[in-house]
Amino acid sequence: ILGSRKLTRAQSIAMKINSLNGNSLVSAVQIDAGCQEKLLENTELVFAAGAAGVEFLDAAWLESNNQISVAIDVNAVPPVGLGGIEVSDCGTQRHSTICFGAIGVGGLKMKIHKASIKKLFETNDQFLDTWEIYELGKQLSSV
């Protein structure tokens, strides 16, 4: 489920993702005040990349949602999008959830970025798509 405060934005991004994958696994929803908890039912991973200063979930969600294995929030501007996650969290266990904050994911992101740039300089006719960059990231995270 891909959510946004504007349904048309969520639908546009979900369509792009689905067209790249040749499926319709990603559905779009509008994130309204009060509906966030419902969206977390049967969810294992939460990734928040919202506007600076917008809190999507307050800290109570971490305590009440023990089925969420991993939560990632790339917003470093207080308040963060997922309350209870610190910007420096890097695999930090909070209740039953492994949490990553903006700075915590930044190290791996920079490693992937550098490896991608290095690969592009190997030949001048390359294009790296999402899946190729993902594979680079998997190789880096297993080292």
Check your understanding: For L128 and L136, which heavy atoms make the closest approach, and how far apart are they?
Key -> CD1-CD1, 4.4 Å

Review point. Looking only at atom types and distance, does a side-chain atom of D73 sit under 3.5 Å from a main-chain N or O of V87, one as donor and one as acceptor?
Key: no

**Study point:** Nearest-0.5 Å distance that lies between atom CD1 in I112 and atom CD1 in I117
**Key:** 12.5 Å

Check your understanding: I103 and S88: which non-hydrogen atoms are nearest, and at how many Å?
Key -> CB-CA, 4.2 Å

**Study point:** Which atom of G83 lies closest to which atom of L62, heavy atoms considered
**Key:** O-CD1, 4.0 Å

Check your understanding: Can you tell me if E63 uses its side chain to pair, donor with acceptor, with the backbone of A60 under 3.5 Å?
Key -> no

Practice item. Taking all heavy atoms of A28 and all of A14, pick out the closest pair and write down the distance. Key: CB-CB, 4.2 Å

Practice item. Mind checking the CD-OG spacing from Q11 to S27? Nearest 0.5 Å is all I need. Key: 10.5 Å

**Study point:** Main-chain N/O of H95 paired to Q93 side chain as donor or acceptor, under 3.5 Å
**Key:** yes

Review point. Would one find more than 12 heavy atoms of other residues, nucleotides or ligands at under 6.0 Å from atom CD of E122?
Key: yes

Practice item. Would you name the heavy atoms of I85 and A71 that are closest together and state the gap between them? Key: CD1-CB, 3.7 Å

Study note, to complete from the structure: CD (Q67) and OG1 (T97) are apart, to the nearest 0.5 Å, by 8.0 Å

Exercise for review: Evaluate the side-chain contact (heavy atoms from CB on, under 4.5 Å) criterion for residues E86 and T92: first the C-alpha distance (whole Å), next the side-chain angles of each, then the deciding distance (0.1 Å), finally the verdict.
Suggested key: CA-CA 9 Å; E86 301 292 326; T92 305; over 6 Å; no

Check your understanding: Are more than 12 heavy atoms from other residues, nucleotides or ligands located less than 6.0 Å from atom NE2 of H113?
Key -> no

Practice item. Kindly say whether R5 contributes a backbone atom to a donor-acceptor pair with the side chain of Q30 at under 3.5 angstrom? Key: yes

Check your understanding: Judged by atom type as modelled, is there a donor-acceptor pair below 3.5 Å linking the side chain of N18 to the main-chain atoms of V26?
Key -> yes

Review point. About how many Å separate CD1 of I1 and CG of L25, when rounded to the nearest 0.5 Å?
Key: 12.0 Å

Exercise for review: List, by chain and number, the other hydrophobic cluster members for V70, where Ile, Leu, Val, Met, Phe, Trp and Tyr join if side-chain heavy atoms come within less than 4.5 Å, directly or indirectly.
Suggested key: L45, F47, I72, V74, I98, F100, V105

Exercise for review: Kindly work out whether a path of hydrophobic side-chain contacts (I/L/V/M/F/W/Y, heavy atoms less than 4.5 Å apart) joins V54 to V29.
Suggested key: yes

Study note, to complete from the structure: CD of E135 to CD1 of I133, rounded to nearest 0.5 Å, is 11.5 Å

**Study point:** Minimal non-hydrogen separation, I68 against T43, with atom names
**Key:** CG1-O, 3.4 Å

Point to revise | Backbone N/O of T8 and side chain of S12: donor-acceptor pair under 3.5 Å | key: no

